[in-house]
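Letters A, B, ... mirror the listed sequences (proteins, then strands); counts begin at 1.
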Amino acid sequence: MPWSILELLRSNPDALREALRRRQIDVSFVDEALSLDVYWRKLQAEINELRHQHNVISSSIAKASGEEKARLLEEAKGLRQRLVEAEKELEDVERRRLQALWRLPNIVLDDVPVGGEEATVPIRFWGRPKVYKEFVESFRAQTDRYGFKVDYDLIDWKPVGHADMLENVLRLGDTVKAGEVAGSRFYYLFEDLVWLDLALLLYAVDRLTAKGYQLVLPPYMLRYAVINGVIDLSTFQDAIYKVEGEDLYLIATAEHPLAALYYNEEIYDDELPKKLVGISPAFRKEAGAANKDLKGIFRVHQFHKIEQFIFSRPEDSKQLHEDIISNAEELFQGLGLPYRIVNIASGDLGACAVKKYDLEVWMPAQGKYREMVSASNCTDWQAYRLNIRLVRRKGMERGEYVHTLNSTGIASTRTITAILENFQEPDGTVVIPKVLRKYLEPFERAPKDFIRPRPKRPA
RNA sequence: GCCGGGGUGGCCGAGCGGUCCAAGGCGACGGGCUCGAGACCCGUUACCCGAAAGGGUGCGUGGGUUCAAAUCCCACCCCCGGCGCCA
């Protein structure tokens with residue numbers, strides 16, 4: 001049996017309906033897909049019969065001659081006519097069936113909290129957040145309320161927000177000029193912050209490759225058929241830029257080209273898991289973001305990202321999901337940024353994922369935990385769409401699809417905002433995390449321990 | 001971008017309108033032989049529908065001609081060589 005979702009659709013549609021209910025999606029998608037699948041199978045059987053008759057006649061024409069041949073030709077032509085009609089319908093049904101199947105989201109694991117955004121729950125905390133006195137109540141609402149007791153440092157001065165730090169304190173960024181020349185959500189970064197961006201990327205690449213992840217620099221654009229295999233429709237609409245006049249789309253994360261690395265291929269189970277770390281820019285339209293986070297570089301159209309990606313055997317994906325989120329945690333622990341891990345509620349899961357963890361860092365100037373990392377287990381949802389089959393070496397059994405998992409390692413600009421707020425001193429100086437020193441050391445002009453406010457913008 | 005050559009199953013490679021439901025080889029898998037391994041022998045090794053029998057589809061992708069297309073025509077994509085341009 002093939003794709004797990006198709007298997008469920010045929011054998012236990014109620015389980016699929018339940019998954020859609022949990023995601024707060026219209027359950028009728030299941031019925032539509034089911035009836036199209038049934039009809040498609042029936043129609044295909046009928047057409048196969050017609051084709052068979054046609055094939056029999058066709059091949060006898062080669063041996064026939066004279067009147068017999070003329071008669072067979074007539075008969076074959078007649079059958080052809082009927083087939084053309086029927087095949088037109090099959091094509092139509094096939095297209096609609098596929099569309100319906102591709103609209104189906106993945107199932108939802110049982111340990112995912114059911115509900116909308118508000119149902120998302122923290123499952124663990126790390127670090128000692130700096131909490132400004134006026135944010136204590138809000139802090140409690142994000143910690144105590146869920147039954148966690150998180151130690152914090154009370155501070156009586158209000159840290160400057162990351163956007164102001166960037167533009168008005170450090171003066172190492174210019175989103176106004178970028179807005180003028182490229183539009184909102186673009187930015188110029190200068191000097192120390194550029195070094196910081198590079199150092200963060202190198203840090204994540206170094207740590208992850210040390211764990212055996214293979215370093216990959218992937219294509220930054222993909223064809224429609226490929227990128228459509230990796231993402232759901234809403235991501236496509238909200239995030240993806242298209243290159244005009246070409247069948248090319250800018251990636252929103254290295255996850256997309258990494259998933260596509262085995263497009264239309266078979267992978268033997270004894271080669272799994274394949275663990276990759278990708279480095280790439282991420283281009284995002286942010287079409288659904290409305291006016292959220294317009295200031296600064298928290299939510300931008302373009303940033304750098306180190307991405308973890310795994311192809312796995314189906315039986316290993318749950319454990320590997322825990323592994324990649326803990327890899328990300330190690331990176332943030334190294335940076336010293338206090339965070340919590342949340343188990344994303346069913347209504348907020350992307351269609352591809354059966355479960356998703358976010359890592360959210362405490363932002364002292366906002367009084368909120370904000371998303372820095374997202375780690376998803378997509379099981380066979382992407383692999384089915386990209387046609388990446390699993391072959392079991394023992395007995396050479398086919399028919400399954402590999403599982404895919406992805407997680408941010410470090411997203412540069414977001415992590416920079418977290419550093420600007422968390423390691424800010426009252427005088428505006430930013431203390432650079434010690435783990436980054438190694439990646440700044442080789443460069444003469446790179447900052448090593450501090451980023452200091454500047455009187456005016458460089459360049 | 002232009003000119004020429006080419007894209008066949010996991011890989012190599014034959015076929016160039018009907019006997020192709022794609023030869024042959026390699027690899028992989030299953031079995032035999034063996035104390036075991038190798039060699040050797042037999043078999044399996046694309047996808048879809050079907051409980052099965054069986055049938056259908058598949059030769060880069062999409063169209064077209066034909067009763068019949070891997071084989072002929074058109075468009076596009078990709079690879080190789082040459083020329084041009086260029087970080």
Please give the distance between the [atom1] atoms of [N] and [M] as a whole number of Å.
| N | M | atom1 | answer |
| --- | --- | --- | --- |
| B:A68 | B:C42 | C1' | 37 Å |
| B:G6 | B:C86 | C1' | 27 Å |
| B:C21 | B:A69 | C1' | 15 Å |
| B:C72 | B:C16 | P | 10 Å |
| B:G9 | B:G27 | C1' | 13 Å |
| B:G4 | B:U57 | C1' | 35 Å |
| B:G60 | B:C3 | P | 23 Å |
| B:C29 | B:C79 | C1' | 31 Å |

Can you check nucleotides 23-25 of chain B for protein contacts, nitrogen or oxygen pairs under 3.5 Å, and list what you find?
none

Using atom types as modelled, flag every donor-acceptor pair under 3.5 Å from a side chain in residues 199-206 of chain A to any protein atom, sequence neighbours excluded.
residue: A:Y203; atom: OH; partner: A:L331; partner atom: O; Å: 2.7
residue: A:D206; atom: OD2; partner: A:K438; partner atom: NZ; Å: 3.4
residue: A:D206; atom: OD2; partner: A:Y439; partner atom: OH; Å: 2.4

Might you list the N or O atoms of the protein lying below 3.5 Å from N or O atoms in nucleotides 68-74 of chain B, with each pair's distance?
residue: B:A68; atom: O4'; partner: A:S58; partner atom: OG; Å: 3.3

Mind calculating the distance between [atom1] ([X]) and [atom2] ([N]) to the nearest angstrom?
| X | N | atom1 | atom2 | answer |
| --- | --- | --- | --- | --- |
| A:N264 | B:U61 | CG | C1' | 11 Å |
| A:Y263 | B:G60 | OH | P | 16 Å |
| A:L248 | B:C76 | CG | P | 16 Å |
| A:Y224 | B:G62 | OH | P | 16 Å |
| A:D247 | B:A75 | CG | C1' | 15 Å |

Task: Counterpart residues, salt bridge (charged side-chain N to carboxylate O under 4.0 Å, His left out), relative to A:R299 (two or more places apart) - done: A:E286, A:D293
Task: A:K295: partners by salt bridge (charged side-chain N to carboxylate O under 4.0 Å, His left out), with sequence neighbours left out - done: none
Open item on the list: For nucleotides 44-57 of chain B, give me one character per nucleotide, 5' to 3': B if any protein heavy atom sits under 4.0 Å from the base, S if the only such contacts are to the sugar-phosphate, - if neither.
Closed with: -S-SSSS----BSS
Side chain to side chain contact (heavy atoms under 4.5 Å, CB included) partner of [X], the single match among [options]:
| X | options | value |
| --- | --- | --- |
| A:F303 | A:F298, A:F283, A:Y187 | A:Y187 |
| A:R385 | A:Y401, A:W102, A:Y263 | A:W102 |
| A:L320 | A:T404, A:L405, A:I325 | A:L405 |
| A:S376 | A:K356, A:K355, A:Q382 | A:K356 |

Open item on the list: Closer than 4.0 angstrom, basic N to acidic O: yes or no for A:R10 and A:E7?
Closed with: no
- [ ] Return each pair, listed once, that meets salt bridge (Lys or Arg N to Asp or Glu O under 4.0 Å) where at least one residue sits in residues 212-239 of chain A; pairs must be two or more places apart or across chains.
- [x] none
TODO: Provide the full list of salt bridge (Lys or Arg N to Asp or Glu O under 4.0 Å) pairs with a residue in residues 388-397 of chain A, sequence neighbours left out, each pair given once.
DONE: A:E266-A:R389, A:D270-A:R393, A:E315-A:R392, A:R392-A:E400
Open item on the list: Once side chain to side chain donor-acceptor pair (under 3.5 Å) is applied, do any residues pair with A:H301, and if so which ones, sequence neighbours excluded?
Closed with: A:Y241
- [ ] May I ask you to decide if the ring planes of A:Y357 and A:H321 are parallel, tilted or perpendicular, using 30° and 60° as cut-offs?
- [x] parallel
Open item on the list: Going by the rule side-chain contact (heavy atoms from CB on, under 4.5 Å), which residues pair with A:A19 if we only count those two or more places apart in sequence or in a different chain?
Closed with: A:I107
Open item on the list: Please give the stem ranges for RNA chain B, sorted by first residue number, where a stem is three or more consecutive Watson-Crick or G-U pairs and both donor-acceptor distances are under 3.5 Å.
Closed with: B:1-7 with B:77-83, B:10-12 with B:24-26, B:27-32 with B:40-45, B:46-49 with B:54-57, B:60-64 with B:72-76
Which donor-acceptor pairs under 3.5 Å do side chains of residues 450-459 of chain A form with protein atoms, sequence neighbours excluded?
residue: A:R457; atom: NH1; partner: A:D174; partner atom: OD2; Å: 2.7

